[in-house]
Amino acid sequence: MNRVVITGLGVITPIGNNVEEFWNGILEEKVGIEPICTFDATEYKAKLSANVKNFNARDYMDFKLAKRMDRFSQFAVAAAKEALEDSGLCLEQEDKYRCGICVGSGVGSLMGIEREYDKMLKSGPFKIHPLTAPLVLGNMAAANIAIFSGFQGKCIDVVTACATGTNSIGEAFHAIKYGTCDVMLAGGVDSSISKFGVATFQALTALSSSSDPKRASIPFDKDRDGFVTGEGAGILMLESLEHAKARNAKIYAEIGGYGATCDANHITTPLEDGSGAAKAMELAMQEAKVVPQEVDYINAHGTSTRYNDLYETRAIKLAFGDMAYKVKINSTKSMIGHLFGAGGAVELITCVKSIQESYIHPTVGLLHDDEECDLDYTKGKGVHMPVHIAMSNSLGFGGHNASILVRKFE
């Protein structure tokens with residue numbers, strides 16, 4: 001079995017359109033939440049979103065190629081381009097069929113579906129864009145990355161709602177670990193801040209109704225009232241250690257373990273005792289051969305909803321025992337909102353940067369303690385400390401639980 005390392009990073013987020021900008025935003029505790037600008041939200045209870053700013057697809061790809069993609073695919077290709085360039089991989093020196101892609105989208109292009117459906121209602125069925133189907137399908141993020149990169153190995157689209165990014169990276173990790181690929185571009189993407197998308201989550205009473213960007217996405221705060229819809233992409237280049245060393249690649253970190261479970265309980269509500277999510281964390285630690293005492297930091301799913309934050313807290317207590325009170329925890333969603341399928345991937349990149357920079361950011365906006373959420377969520381200020389082992393959690397509608405453990409490369 002192969003050891004698997006991370007050699008490239010790429011992001012598009014509400015606080016930065018490359019890794020450097022994103023990490024600087026993290027250090028500045030920048031909140032990328034603002035009033036909804038993609039449509040008129042006057043009639044909506046939810047008033048805020050976390051949009052990507054100043055994104056121009058032509059900065060990343062050929063204009064004609066960009067025209068054949070909807071926004072979510074453009075994000076995916078842009079982030080993949082950064083990760084690919086960051087890794088220094090030269091495809092001409094590789095077996096293209098050993099280079100794969102595992103990039104998922106939770107919902108595909110709701111914006112595209114809305115746009116073309118409105119055209120159809122107003123002007124008839126022959127007026128929609130001829131490429132509507134390939135524009136909006138969720139797998140087109142992975143497919144367009146393949147076209148852009150030239151990777152011809154396995155190209156798959158994992159769809160597990162808000163756990164999509166983490167499951168995608170985990171499955172890519174196993175593909176390399178067990179020898180079916182040498183190299184994988186892996187991660188997640190979503191862009192669904194649309195009239196219908198916001199309406200659906202609002203109907204579930206899952207969205208924050210706050211009009212204050214600093215008090216909207218506030219994971220683990222007793223005043224939390226829902227998540228904030230966001231958009232973006234996170235892509236990582238994974239390689240076998242042998243492959244990375246053979247080409248003298250820089251190595252950011254090593255993936256040690258991956259756990260995936262299902263609550264098999266309810267389409268939106270996690271198991272109240274957190275046992276499903278706890279098992280995912282335990283499996284990740286078991287594969288990595290580490291014990292709770294060795295984990296320095298957990299990047300929580302931390303959506304800012306009443307039940308997610310409470311049940312994830314219970315899950316951490318189940319998986320970590322007494323050590324739950326000693327591990328540092330935070331939620332990057334406090335700054336970037338909920339990026340759906342992209343969330344887990346961007347949050348794993350945050351873990352990698354935390355290992356590199358020896359810094360754990362605060363859960364921004366956490367002011368008022370919830371008696372039932374009583375762990376160390378890095379309240380107030382960030383912490384400068386060595387981070388040797390970090391874990392990233394993602395929990396998706398449908399009961400999907402995924403955890404990835406990443407460690408400092410030795």
Side-chain angles (χ1 to χ4, degrees), residues 11-18 21-22 24-26 28-60 66-67 69-79 105-119 122 129 135-136 141 162 188-218 224-234 303-305 332-343 346 364-365:
V11 298
I12 298 290
T13 77
I15 61 171
N17 292 344
N18 57 56
E21 285 182 5
F22 168 69
N24 285 337
I26 291 289
E28 295 165 11
E29 299 174 20
K30 184 177 180 180
V31 175
I33 297 168
E34 60 189 8
I36 292 172
C37 60
T38 51
F39 62 91
D40 182 357
T42 302
E43 296 182 358
Y44 287 70
K45 188 176 180 181
K47 300 297 184 184
L48 303 175
S49 62
N51 288 73
V52 168
K53 289 91 173 164
N54 305 315
F55 177 81
N56 187 343
R58 297 187 198 187
D59 294 337
Y60 304 91
K67 283 186 69 176
M69 301 182 208
D70 248 21
R71 186 171 171 87
F72 82 108
S73 287
Q74 293 174 350
F75 286 171
V77 170
S105 171
V107 294
S109 181
L110 287 180
M111 290 179 175
I113 292 170
E114 273 185 16
R115 181 185 65 243
E116 301 305 323
Y117 185 69
D118 285 347
K119 284 184 191 176
K122 291 176 182 176
H129 195 292
L135 281 171
V136 304
C162 310
V189 61
D190 261 319
S191 177
S192 59
I193 308 173
S194 65
K195 293 180 289 185
F196 183 70
V198 174
T200 58
F201 289 110
Q202 180 177 274
L204 280 172
T205 65
L207 299 184
S208 173
S209 59
S210 174
S211 58
D212 180 357
K214 298 293 179 69
R215 294 295 296 160
S217 184
I218 48 173
R224 66 192 184 277
D225 70 337
F227 67 79
V228 174
T229 54
E231 61 177 358
T303 59
S304 187
T305 58
T332 305
K333 291 180 179 71
S334 62
M335 287 180 267
I336 62 174
H338 195 343
L339 308 191
F340 300 108
V346 172
V364 176

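None of these values were measured; they are calculated from a predicted model.
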Taking atom [atom1] of [X] and atom [atom2] of [Y], what is their separation to the nearest 0.5 Å?
X	Y	atom1	atom2	result
Leu48	Ser209	CG	OG	9.5 Å
Ser210	Arg224	OG	CZ	14.5 Å
Glu43	Lys195	CD	NZ	11.0 Å
Asn24	Asn18	CG	CG	8.5 Å
Asp70	Ile113	CG	CD1	9.0 Å

| remark: Shortest non-hydrogen pair, Pro14 vs Ile336, comes out as CG-O, 3.6 Å
| query | Looking at residues at least two apart in the chain, or sitting in another chain, which of them share a ring pair (Phe, Tyr, Trp, His ring centres under 6.0 Å) with Phe39? | reply | Tyr44
Does a side-chain heavy-atom distance below 4.5 Å link [X] with [Y]?
X	Y	value
Ile193	Val198	yes
Phe72	Val107	no
Ser194	Met111	yes
Ile218	Ser208	no
Arg115	Leu135	yes
Phe22	Val346	yes
Glu231	Phe75	yes

| Pair listing, side chain to side chain donor-acceptor pair (under 3.5 Å) test, anchored in residues 51-60, at least two apart | Ser49-Asn51
| task | Step through it carefully: locate the ring centre of Phe201, locate the ring centre of Phe340, and say whether they are under 6.0 Å apart. | result | yes
For [X] and [Y], indicate whether the former's side chain and the latter's backbone hold a donor-acceptor pair under 3.5 Å.
X	Y	value
Glu21	Asn17	yes
Glu29	Val364	no
Ser192	Leu110	no

| query | Thinking salt bridges, do Asp225 and Lys45 make one under a 4.0 Å N-O criterion? | reply | no
| said: side-chain hydrogen bond (donor to acceptor under 3.5 Å, both in side chains), that's the test. Do Thr42 and Asp40 meet it? Break it down for me. | reply: CA-CA 6 Å; Thr42 302; Asp40 182 357; 2.5 Å; yes
| task | Check the pair Gln74, Val52 against side-chain contact (heavy atoms from CB on, under 4.5 Å), reporting the backbone distance first and the verdict last. | result | CA-CA 12 Å; Gln74 293 174 350; Val52 168; over 6 Å; no
| query | Who pairs with Thr303 by side chain to side chain donor-acceptor pair (under 3.5 Å), at least two apart in sequence or on another chain? | reply | Thr305, Asn308
